[in-house]
Amino acid sequence: AQSVTQLGSHVSVSEGALVLLRCNYSSSVPPYLFWYVQYPNQGLQLLLKYTTGATLVKGINGFEAEFKKSETSFHLTKPSAHMSDAAEYFCVVRWRGSQGNLIFGKGTKLSVKP
Amino acid sequence: DTAVSQTPKYLVTQMGNDKSIKCEQNLGHDTMYWYKQDSKKFLKIMFSYNNKELIINETVPNRFSPKSPDKAHLNLHINSLELGDSAVYFCASGQRPYNEQFFGPGTRLTVL
């Protein structure tokens, strides 16, 4: 069955440290892939997306993600965490050929310690 | 200019009441969506409209009825509200083919 999995419901890093949020999907055909961020009591904002082409995609606020077909992964990274990065991060997929609805992972809450 | 707007932002009501949430987008997208976010932050699609036509209708109680008067608006009406309807409801809009979606600020519904 098709699914999207985020490893770790809560990740805590120190300010200035590397941020790595993991996402794997389960599907025979790679989906369209997105990362969204939700700041406390706010809506969702698109960080970055992979549809076709270059497998390393850069997004807003210094985030990037790499699509690895062999590993069915789309992990999100940022070299140096800022306090303002503290938020909930969602790995999201749209299965190719679907009607367009997004399927959300369960989310990873990122905490940044001073 | 707000791309996707929702009203109201907060809605507190009693069980059994009927309420509506409105959504408008000014991005010119052809598709709009309603999502529900539960208390554990899990987001799930409820409905999707493309050019005023319902194209996605997930397993949602028929107390929930979406209405799209035009492709820039998608409203959600809920009848006979229940405690379990308490959640944050997000409207979103998107454009084919990739359906990158833009989300509204959410409506926090609390049923007492």
Side-chain angles (χ1 to χ4, degrees), chain A residues 2-6 8-11 21 23 29-54 57-60 65 67 74 86-111, chain B residues 2-7 9-10 21 23-25 27 29-51 53-60 66 71 74 87-108 110:
Chain A
Q2 297 172 319
S3 65
V4 54
T5 304
Q6 290 184 241
S9 59
H10 193 180
V11 170
L21 305 182
C23 174
V29 177
Y32 301 121
L33 295 151
F34 309 85
W35 276 96
Y36 280 82
V37 60
Q38 184 177 27
Y39 297 103
N41 298 313
Q42 293 189 30
L44 293 105
Q45 183 180 11
L46 179 68
L47 273 179
L48 47 80
K49 65 182 179 186
Y50 171 78
T51 54
T52 58
V57 292
K58 295 185 185 301
I60 61 170
F67 166 61
F74 191 56
E88 190 90 24
Y89 291 80
F90 294 95
C91 181
V92 182
V93 304
R94 177 169 95 73
W95 309 116
R96 293 175 194 258
S98 72
Q99 290 278 20
N101 52 307
L102 301 181
I103 307 299
F104 282 75
K106 292 190 174 180
T108 298
K109 183 175 181 178
L110 176 66
S111 299
Chain B
T2 303
V4 183
S5 59
Q6 292 178 233
T7 54
K9 189 169 174 62
Y10 300 96
I21 307 171
C23 178
E24 176 181 2
Q25 57 98 0
L27 298 167
H29 291 160
D30 62 2
T31 309
M32 296 184 71
Y33 307 82
W34 279 111
Y35 289 85
K36 178 180 180 180
Q37 186 174 44
D38 64 22
S39 59
K40 294 184 179 178
K41 301 274 188 180
F42 183 60
L43 276 138
K44 190 173 180 188
I45 183 79
M46 299 174 70
F47 301 104
S48 173
Y49 269 77
N50 176 260
N51 284 323
E53 179 186 350
L54 181 65
I55 58 171
I56 295 173
N57 185 354
E58 291 294 309
T59 309
V60 176
K71 73 173 190 176
L74 180 62
V88 181
Y89 292 85
F90 286 99
C91 175
S93 74
Q95 187 72 32
R96 294 176 179 182
Y98 305 123
N99 288 89
E100 163 190 341
Q101 292 175 24
F102 294 83
F103 285 77
T107 296
R108 183 175 294 276
T110 303

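A note on names: the letters A, B, ... follow the listed sequences, proteins ahead of strands, and every chain is numbered from 1.
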**Q** If you measure from the Lys or Arg side-chain nitrogens to the Asp or Glu carboxylate oxygens, is any gap between B:Lys41 and A:Glu88 under 4.0 Å?
**A** no
**Q** For the OG1 atom of A:Thr51 and the CD atom of B:Glu100, what is their distance to the nearest 0.5 Å?
**A** 9.0 Å
**Q** Counting only heavy atoms closer than 4.5 Å, note whether A:Gln38 contacts chain B via side chain, backbone, both or neither.
**A** side chain
**Q** Given heavy-atom pairs under 4.5 angstrom as the criterion, report whether the side chain, backbone, both or neither of B:Gln37 touches chain A.
**A** side chain
**Q** Quick one: are A:Tyr36 and B:Gln101 in side-chain contact, heavy atoms under 4.5 Å?
**A** yes
**Q** Starting at CZ of A:Phe90, measure out to CZ of B:Phe42 and round the result to the nearest 0.5 Å.
**A** 9.5 Å
**Q** Given that the side chain runs from C-beta out, which part of A:Leu44 has a heavy atom under 4.5 Å from chain B: side chain, backbone, both or neither?
**A** both
**Q** How long is the span from the CG atom in A:Leu102 to the OH atom in B:Tyr35, to the nearest 0.5 Å?
**A** 3.5 Å
**Q** With a 4.5 angstrom heavy-atom cut-off, which part of B:Lys9 approaches chain A: side chain, backbone, both or neither?
**A** side chain
